[in-house]
Protein chains: 2
Amino acid sequence: MSTDLLTDDACGLRERKKRETRRALNLAALDLVEEKGFAAVTTEEIAARAGVSTRTFFNYFPSKEAAVIGTTPEELESYAAALEEAVPHETPLQSLRRILAGMLAPASIDRELRARRRRILLGEPSLAPALVGNNIRIENALTAALERRLGAEPGVALEARLTVALAIAAVRACIEHQQNGGSGRLERNIDLAFDRIAAGLR
Amino acid sequence: MSTDLLTDDACGLRERKKRETRRALNLAALDLVEEKGFAAVTTEEIAARAGVSTRTFFNYFPSKEAAVIGTTPEELESYAAALEEAVPHETPLQSLRRILAGMLAPASIDRELRARRRRILLGEPSLAPALVGNNIRIENALTAALERRLGAEPGVALEARLTVALAIAAVRACIEHQQNGGSGRLERNIDLAFDRIAAGLR
DNA sequence: CGCTTATTGTGCAGTCACTGCAAAATTGCA
DNA sequence: TGCAATTTTGCAGTGACTGCACAATAAGCG
């Protein structure tokens with residue numbers, strides 16, 4: 001159903017051009033934010049640099065924030081699918097650690113885009129509200145996936161939502177720690193955080 | 001330093017009028033949101049119902065969302081102070097459970113305002129992004145307070161931020177569970193959630 | 001190739017949140 | 001009462017975002 005992330009060539013010219021435009025807008029937004037800071041960038045500029053009209057910008061992204069943070073529906077689906085499938089000897093929390101860490105690591109094809117997204121994310125605290133807003137979508141998708149994985153027993157709904165919410169919050173806490181000049185490398189801190197969650201907090 | 005929440009009479013006419021205006025705007029916003037839904041309410045309407053100009057609205061609140069969700073700096077300070085002071089036999093997590101539950105419970109003076117805030121909060125999912133945005137402020141204030149309580153040992157910064165972030169995320173998860181028609185009473189679920197966190201997740 | 005049809009891009013007009021600025025109204029204080 | 005500080009307000013402007021109608025373009029078909 002969903003085109004997997006590696007096949008760029010989903011048939012028609014139409015589809016390809018749409019992806020190119022989306023990507024161009026995405027890159028333009030990241031460029032400009034790096035140059036001038038998020039607040040000083042206008043949607044008009046982003047559209048201009050990507051070579052489309054301002055109106056078209058809003059055909060691709062519902063907001064200025066989305067063009068910078070932009071988790072695509074495809075990405076979302078792929079993360080959800082990864083969580084739904086139970087890997088042997090892996091608890092839900094361990095799956096989440098792996099998947100969420102993967103979202104930050106410039107691993108798959110679009111490593112350029114992801115690396116820059118990450119840099120901006122760590123550097124621009126003013127994006128934090130938009131970031132957490134975006135997380136809601138991720139949280140809902142992952143919660144649904146985990147519910148399916150755990151089956152429909154009573155109490156599972158809350159359990160699933162709680163697990164996902166805490167995992168995302170842990171990653172976000174590490175990012176904010178980083179932004180506030182905290183010590184330690186991001187990945188290392190994330191590992192520490194998940195270990196804490198597994199062991200129980202006081 | 002900070003006027004505590006019970007003394008309404010902090011001297012002058014000026015101060016009193018400011019509080020009244022703030023409260024009038026707050027109530028007007030809640031009224032209108034209950035009537036028409038958040039998206040359909042304009043700042044102009046809110047100001048009009050409160051009997052002030054649109055421009056004045058923005059002297060009191062930085063955004064439309066803030067008038068609805070509106071955690072005042074005083075509230076923030078009072079929560080932070082409550083967390084900083086260590087109660088005997090209470091772990092940080094237990095303190096957070098008590099304090100965050102108190103934010104939802106219509107306990108102190110302004111029970112009317114708080115009860116309506118809570119009802120709207122549970123009923124209007126479109127406010128979720130604004131809600132989590134607001135949580136950032138709360139999180140930062142509580143993190144700083146917990147850091148002070150725990151002292152300046154290495155690793156405390158991350159530990160404090162993580163604990164606060166997880167506690168807030170737990171409450172939020174329970175709220176969203178409620179919004180999505182999940183089972184159980186809110187307070188009961190929050191208790192369950194905190195017990196889980198203390199015991200460790202899988 | 002041409003023609004029809006479904007998408008997609010764009011311009012335009014409009015709404016609304018939000019801001020800076022300067023003048024007017026109000027309050028505090030001597 | 002009169003002066004100084006603060007608050008309110010109007011005004012003009014910017015910029016995000018939307019609906020709509022129309023132009024441009026790709027897709028499918030004879």
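Letters go in sequence order (proteins before strands), and every chain restarts at 1. Treat the numbers as computed from the prediction; the structure is a model and nothing was measured.
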Find every protein N or O atom lying less than 3.5 Å from an N or O atom of nucleotides 5-7 of chain D, and list the pairs.
from	atom 1	to	atom 2	distance (Å)
D:dT6	O4'	B:Arg14	NH1	3.4
D:dT7	OP1	B:Lys18	NZ	3.2

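In this structure, B:Thr54 reaches neither bases nor backbone, as no heavy-atom distance under 4.0 Å exists between it and the strands shown.
No side-chain heavy atom of B:Val87 sits under 4.5 Å from any side-chain heavy atom of B:Gln94. You'll find the side chain of A:Arg97 reaches within 4.5 Å of the side chain of A:Asp195, heavy atoms only. Looking at heavy atoms from C-beta onward, A:Gln178 lies in side-chain contact with A:Asn189 at the 4.5 angstrom threshold.
Checked for salt-bridge contact, B:Arg117 and B:Glu75 meet the test: a charged N lies under 4.0 Å from a carboxylate O. Salt bridge annotation for A:Arg172-B:Glu139: present, with a cationic side-chain nitrogen under 4.0 angstrom from a carboxylate oxygen.
Out of C:dT27, D:dC17, C:dA17, the shortest distance to the side chain of B:Lys17 is found at C:dT27. Relative to the side chain of A:Thr42, the nucleotides C:dC18, D:dA16, C:dT10 differ in distance, and D:dA16 lies closest. Distance from the side chain of A:Ser53 is smallest to C:dT10 among C:dT26, D:dT8, C:dT10. For B:Phe58, the side-chain atoms get nearest to C:dA17 when compared with the rest of C:dG11, C:dA17, C:dC21.
A:Ala193 and A:Cys174 get closest at one heavy-atom pair: CB-SG, 4.0 Å. Taking each heavy atom of B:Leu83 and B:Arg149 in turn, the nearest pair found is O-NH1, 2.9 Å.
Atom CZ in A:Arg19 sits roughly 17 Å away from atom P in D:dA26 (whole-Å rounding). Rounded to whole Å, the distance from CZ on B:Arg22 to P on D:dT8 is 12 Å. Atoms CZ (B:Phe57) and P (C:dT19) sit 11 Å apart, rounded to a whole Å. The nearest whole Å value for the distance from the CD atom in B:Glu44 to the C1' atom in D:dG10 is 13 Å. We find that NZ of A:Lys64 is positioned 16 Å from P of D:dT14, with the value rounded to whole Å.
Each of A:Arg55 and A:Thr43 lies near DNA chain D, and the nucleotide nearest A:Thr43 is the one positioned closer to the 5' end.
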